[in-house]
Structures are given as C-alpha cells and as structure tokens.
Amino acid sequence: MVEDFESAQDGASGAWVAAFRDKVRTLGGALYRDLPWRCIDDPYGVLVSEVMLQQTQVKRVLGRWEAFMALFPTIDALAAADVSAVLSQWQGLGYNRRALALKRTAETCADRFAGRLPESYDELVRLPGIGPATAAGVRAFAFDQPGVYLETNVRTVFLYELFSDRDGVADKELVPLVQAACPQTDVRGWYYALLDYGAHLKATVGNHARRSATYARQSAFEGSRRQKRAEVVRIVLSEPGIELESLAAALDREEAGAGRSAVDRDVFESIVADLVREGFFRQVGDGFVA
DNA sequence: TTCCTGCGTG
DNA sequence: CACGCGGGAA
C-alpha cells in the first residue's frame, strides 16, 4: 500500500503525482471530517472558517463558527456590526487582530464588491487578514478553484511522503509540488483529503511539519506582553468608556489575581497605544471604547 | 511543554 | 527574514 515517493526530486517530471493523489485520496477520504463549514455554498462562511482556523485547532473553532455565523450571517451584517460586538464574539478564539481584519475585509467587500467575495487570488490576498494560504483556501473550498494551499497539515503530508529523509525543507521547494499535485477538478475534495490525512499523521506518526524551514516555536504566553494585551482588550469590552487610570488598575488586579506583579507603567501605556493604533479602541473623551 | 488549516510589519 | 500576536487542550 505504501509506495515510496522518493522521486520528489524529479517533481518536474510529475511521475509521483498519480500515486500520491491515489494515496491521499484513499487515506484522506477514509478519514473525512464532516465539519460544519465544509461543503457549504457560502464563500463568506468559508472565509470565516479559514480565518478562525489560522493557527487555531479545529476543536476550538467547532461551535464558535456556528455562533459567529448566527450573529453575523453575511458580509453586509459583519460590515455593519460594531467592532465591540465582533471582538466580544471572538473572545476565546485568540489572535484578536484576525477579528478586526475580518471585519475590515467585510467592509471592503460590502462597499466595493456588492457584499460578495472576489474569486481571484490577487484580489483575495489584497484583503486584510487574507494571506497566501487563506486566499488559496477560499478559492479551493468556496469556488473549487485550483491553487497552492500550503498550511501546516499540507506541509505535514508532503514532508512525510516526499521528504522523509530531509530537514529544513523550504516552502519554495514545496510550492511547485503542491501545485503539481493539485487536480483541476474537485479541488475542494482534494484539499479536504490532504488536511484530514495531515491531521491524522500528526496524531499518529508525529508532526513532520516541524521539518519545514518555516517552522518556528512560539514564545511563551504565560506572563507575556500579548497576554496583557488580551487582558486589556477584555477589560475595555466589559467596561466600555473606562478611563486610563481605571484600566491600569483593572489590569493590575487581573495580574495580581494570576499571581503576577503589577504591570510596568511604560509597558501598559505602550500596549494601550498599540491597541489604539491598530484600531481595537478609540478614545471617547477620557475613556476607551472598542 | 506542545502547537494549532498564518498574517502583517520592521 | 524574524518577530509579535491568544488561548486552550493534551
């Protein structure tokens, strides 16, 4: 069953493609996960799922996608929503920036594209929060269009199957292979199979994406600046209009409750300045609102 | 500790 | 290219 695809080096010849596709379709198909955002006829819903799933596990998104879609069912609804409502709904998913970017993308599409998502890669990747992977994902899952959808599960499969003997494999090497492997029809099914096979590999033989040159360990979260950032966002959401000194005091209470010391004043002020600059908050009188 | 269907910026 | 960005489950 398990063929040897050591012909990865002659990827240009494409001799490995047929066997690779067969294997991924067979194994990935058997592992199919019937997730709520799959096989839906709603490009916006696909986009929401793709953004939620950036650096975020499927299990965490389950339930959250449905709730978000119920509250903001269309691009126009999200565009018209308050930032604070969107950020509140996002709490627990992590990377709050994604929520802001998603809302800005909705605003752009509402204004310029009559409430629809563009289908071209170039237009998609120009929208906030949509990079190469998300653009290719939307094209594959929403429009069934071929492309290079290169994210961690896909890396896992390609590195496991085609680069089992190497370390530090650059995306530049993978891109032509992912391109060559992608079929012209049923692109959606192809990438579902890749994702499901990749997720299965991680759970069984370990994370081969670690051998990607792109792979980098993340810095610790506990006690970090970005943990404080997230706390500041939550405080302002729960107490709209809060003034700077009250915000500082509330943050210090949170930190004390977690067994940490008070936040340095300069650090606190730079966090607030960052959040204002990035568009999380605006100042209204003496207070901050999302 | 680990890392998750990455993106934006310097 | 390197780094910051959330938070939870295993």
Side-chain angles (χ1 to χ4, degrees), chain A residues 28 31-33 35-38 46-65 87-102 104-105 124-142 147-158 168 170-172 178 187-188 190-204 206-234 237 254 258 267 270-271 274-275 277-280:
Chain A
L31 296 162
Y32 181 72
R33 295 174 291 179
L35 305 169
W37 49 84
R38 286 189 168 183
V46 170
L47 174 66
V48 171
S49 75
E50 288 296 312
V51 173
M52 285 187 173
L53 287 159
Q54 290 168 358
Q55 291 288 287
T56 306
Q57 268 134 171
V58 166
K59 181 181 288 185
R60 186 195 309 244
V61 173
L62 283 171
R64 305 302 304 270
W65 180 82
L87 282 174
S88 295
Q89 191 59 28
W90 201 266
Q91 292 310 293
L93 279 170
Y95 289 137
N96 294 317
R97 284 172 174 171
R98 297 182 296 175
L100 289 185
L102 183 58
R104 287 183 187 132
T105 281
L124 283 168
V125 83
R126 211 173 295 145
L127 293 165
I130 300 183
T134 303
V138 167
R139 278 175 56 74
F141 301 132
V148 178
Y149 182 46
L150 186 51
E151 47 70 60
T152 184
N153 286 315
V154 175
R155 276 193 198 92
T156 298
V157 174
F158 278 80
D171 281 352
K172 196 162 43 176
V178 177
V187 178
R188 175 190 269 184
W190 167 246
Y191 277 117
Y192 287 157
L194 267 176
L195 290 179
D196 293 341
Y197 182 38
H200 174 256
L201 284 175
K202 283 181 180 176
T204 52
N207 185 9
H208 284 252
R210 195 173 300 176
R211 291 188 290 103
S212 163
T214 306
Y215 175 81
R217 286 183 53 189
Q218 301 179 228
S219 55
F221 177 65
E222 198 62 26
S224 68
R225 176 190 175 93
R226 82 176 184 276
Q227 183 179 41
K228 297 174 182 52
R229 245 179 80 109
E231 286 173 4
V232 171
V233 170
R234 283 195 295 274
L237 286 174
E254 287 287 319
V267 171
S270 84
I271 286 174
D274 280 355
L275 290 169
R277 181 174 46 77
E278 292 177 38
F280 283 91

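As a basis for the values below, the full set of heavy atoms in this structure was taken, side chains included, without hydrogen atoms, waters or symmetry mates. Each chain gets a letter, A, B and so on, in the order its sequence line appears, and its residues count up from 1.
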Integer-rounded Å distance: [N] [atom2] and [X] [atom1]:
{"X": "A:Asn96", "N": "C:dC5", "atom1": "CG", "atom2": "C1'", "answer": "9 Å"}
{"X": "A:Arg277", "N": "B:dG10", "atom1": "CZ", "atom2": "C1'", "answer": "11 Å"}
{"X": "A:Arg98", "N": "B:dG6", "atom1": "CZ", "atom2": "P", "answer": "10 Å"}
{"X": "A:Arg226", "N": "C:dG8", "atom1": "CZ", "atom2": "P", "answer": "13 Å"}
{"X": "A:Glu278", "N": "C:dC5", "atom1": "CD", "atom2": "P", "answer": "8 Å"}
{"X": "A:Gln91", "N": "C:dC5", "atom1": "CD", "atom2": "P", "answer": "15 Å"}
{"X": "A:Tyr95", "N": "B:dG6", "atom1": "OH", "atom2": "C1'", "answer": "8 Å"}

Quiz prompt | Under 3.5 Å donor-acceptor pair, A:Gln227 side-chain atoms to C:dC5 base atoms | solution =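 Counting by modelled atom types and ignoring angles, no donor-acceptor contact under 3.5 Å is found here.
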Practice problem: Take A:Thr56 and A:Gly129, find for each the nucleotide of DNA chain B with the closest heavy atom, and name the residue whose nucleotide sits nearer the 5' end. | Solution: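 Residue closer to the 5' terminus by nearest nucleotide: A:Thr56.
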Practice problem: Mark yes or no: A:Arg38 above the aromatic ring of A:Phe141, with NZ or CZ under 6.0 Å from the six-membered ring centre and no more than 45 degrees from the axis. | Solution: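 Judged by the rule, A:Arg38 and A:Phe141 form no cation-pi pair.
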Quiz item: Between A:Arg226 and A:Asp274, is there a side-chain N and carboxylate O pair less than 4.0 Å apart?
Solution: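 No salt bridge links A:Arg226 with A:Asp274.
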Quiz item: Is a side-chain donor-acceptor pair under 3.5 Å present for A:Arg225 with A:Ser270?
Solution: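 Short answer, yes.
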